Novice: 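Pasting a structure here, questions to come.
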Number of protein chains: 2
Amino acid sequence: MIVVPLGKDYELQDCPIARALELVGERWTILVIRDCFLGVRRFNDFLAHLDIPRAVLTNRLDRLVIEGMLKRREYCPGRNEYLLTKRGLSLWPILHSLAEWGDQEAAPRAGRRRLFAHVECGTDLDAAGACPACGIVPDAGDVEIRPGPGAELALRDDQVTRALLRPHRILEPLEITPARSTRSGHVRSFRRSAQATEQRLPSM
Amino acid sequence: MIVVPLGKDYELQDCPIARALELVGERWTILVIRDCFLGVRRFNDFLAHLDIPRAVLTNRLDRLVIEGMLKRREYCPGRNEYLLTKRGLSLWPILHSLAEWGDQEAAPRAGRRRLFAHVECGTDLDAAGACPACGIVPDAGDVEIRPGPGAELALRDDQVTRALLRPHRILEPLEITPARSTRSGHVRSFRRSAQATEQRLPSM
DNA sequence: CCGGCAGGTCTGTTCATTGAACTTAGGGTA
DNA sequence: TACCCTAAGTTCAATGAACAGACCTGCCGG
């Protein structure tokens, strides 16, 4: 491995937009990163939430690690989780502008599914990511994701989608409810082991 | 035609980011739109500047017209130009965030190739697209593109790239210098026919 | 009526994506 | 020990897009 063949090279397009797209412009890449922001960290959780072919997910995670957007960490022998690095966190404005545009121009079918709120005061963030009540742009650790008016109409019903419906802080690992098998002891015990690092959103 | 098969459907990802990517997430699409903002309007100019396969360009332009991002206009019988619509202009924040990230994180090899300046006062715009001198965010019609410190090192040398090195207002049609053949009469006469419409950048 | 140009379409090949099956390694249960 | 489970990959055949290059068409100017 460590082969980095992957097309998507706009090599002769010497412009910052093309350079950015070389790194995050491949299919699925942005959605993987979005999930990282929402708190997804594990291979199988990405898989369940994205419906992405396993091989493609492997490929995208590898590439993001190589490019320094994510770091891989063994939370128990042989099992990895993927965390946003400083560089990965710096992608936030791109995700934010895409989300804003998607909300404005690609009409949500029944209100937003997810809202972002300032934990301190409970106020919903405005379009620019600022807290209207406090007049500041909260750090990542102080932002909570919670279900919006359209949440009930979710098209999906996997564990990760369900976990995302429960209010939780951004970047914090999700509380996944195991499908069946109540006795998956050793995995459960690791679920909350990886606490939020000193990740901060550059601007939100 | 008017077939809209094209994959790239993240249909089950009911989230604004996924919806945005369904419309502008395909390969080349963003670069086509970037060129529109720079002033490129014609099939052959996109072709020369992007090194994109003709069939793919046709496909992307068709799709963008269908989705209402561009409008097609016959500037002389049988020849089209492509103009950003209001909806297309609303993509600016996405391009801007990509360009910012590309400049910060995917290091420009020798300074920026293009700078944006406020025409009224000649001041370079800041990262948010505002004029530091006037304290306003100028409309598209008042923004000028001009070569930056890295412009000389351009990797490309097609007509469009050369045209982009000459200062000009954003969204205005480019002054393409015909390669050879000084006597391409009827085309020249149309070059400046299509004046800037009332396009305005929603925020820059 | 010839050549050039804008704006495409057609074609064969290459490359990426997909879904499904298979692999590896550790752990729990009986 | 034998058996089953889960996480996290890898491998593979089939499909579908992207690619480069040749070809086509309508219009023009000389």
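A note on names: the letters A, B, ... follow the listed sequences, proteins ahead of strands, and every chain is numbered from 1. Note that this is a predicted model, so its numbers are computed, not measured.
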Novice: Under the side-chain hydrogen bond (donor to acceptor under 3.5 Å, both in side chains) rule, collect the residues that match up with A:Arg146, sequence neighbours excluded.
Specialist: A:Asp124

Novice: Please report the closest heavy-atom contact between A:Arg72 and A:Tyr82, naming both atoms and the distance.
Specialist: NH1-OH, 2.9 Å

Novice: Would you mind reading off the distance between B:Arg54 atom CZ and D:dA20 atom P, rounded to a whole angstrom?
Specialist: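 In whole Å, D:dA20 P and B:Arg54 CZ are 13 Å from each other.
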
Novice: Specify the separation, in whole Å, of atom CZ of B:Arg60 and atom P of C:dG7.
Specialist: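 B:Arg60 atom CZ is separated from C:dG7 atom P by 19 Å.
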
Novice: Check the distance between D:dT10's P and A:Ile52's CD1 and give it to me in whole angstrom.
Specialist: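 After rounding, the reported distance stands at 14 Å.
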
Novice: So which one's nearest nucleotide on DNA chain D is more toward 5', A:Ala55 or A:Asn80?
Specialist: A:Asn80

Novice: Looking at A:Thr85 and A:Gly68, would you say the former's side chain and the latter's main chain have a donor-acceptor pair under 3.5 Å?
Specialist: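 Yes, A:Thr85 side chain to A:Gly68 backbone: donor-acceptor pair under 3.5 Å.
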
Novice: Please give, in whole Å, the distance from D:dA8 P to A:Leu61 CG?
Specialist: 10 Å

Novice: How close or far is atom P of D:dA17 from atom CZ of B:Arg27, stated in whole angstroms?
Specialist: 15 Å

Novice: For A:Glu74 and D:dA7, what is the distance between atoms CD and C1' respectively, to the nearest whole Å?
Specialist: 12 Å

Novice: Check whether any side-chain N or O of A:Trp28 sits under 4.0 Å from OP1 or OP2 of C:dT18, and answer yes or no.
Specialist: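 Yes.
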
Novice: Round to a whole Å and report the spacing from OH of A:Tyr75 to P of D:dT6.
Specialist: 14 Å

Novice: In this structure, how many angstroms lie between the P atom of C:dT17 and the CG atom of A:Asn59, rounded?
Specialist: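 It is 7 Å, rounded to the nearest whole Å.
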
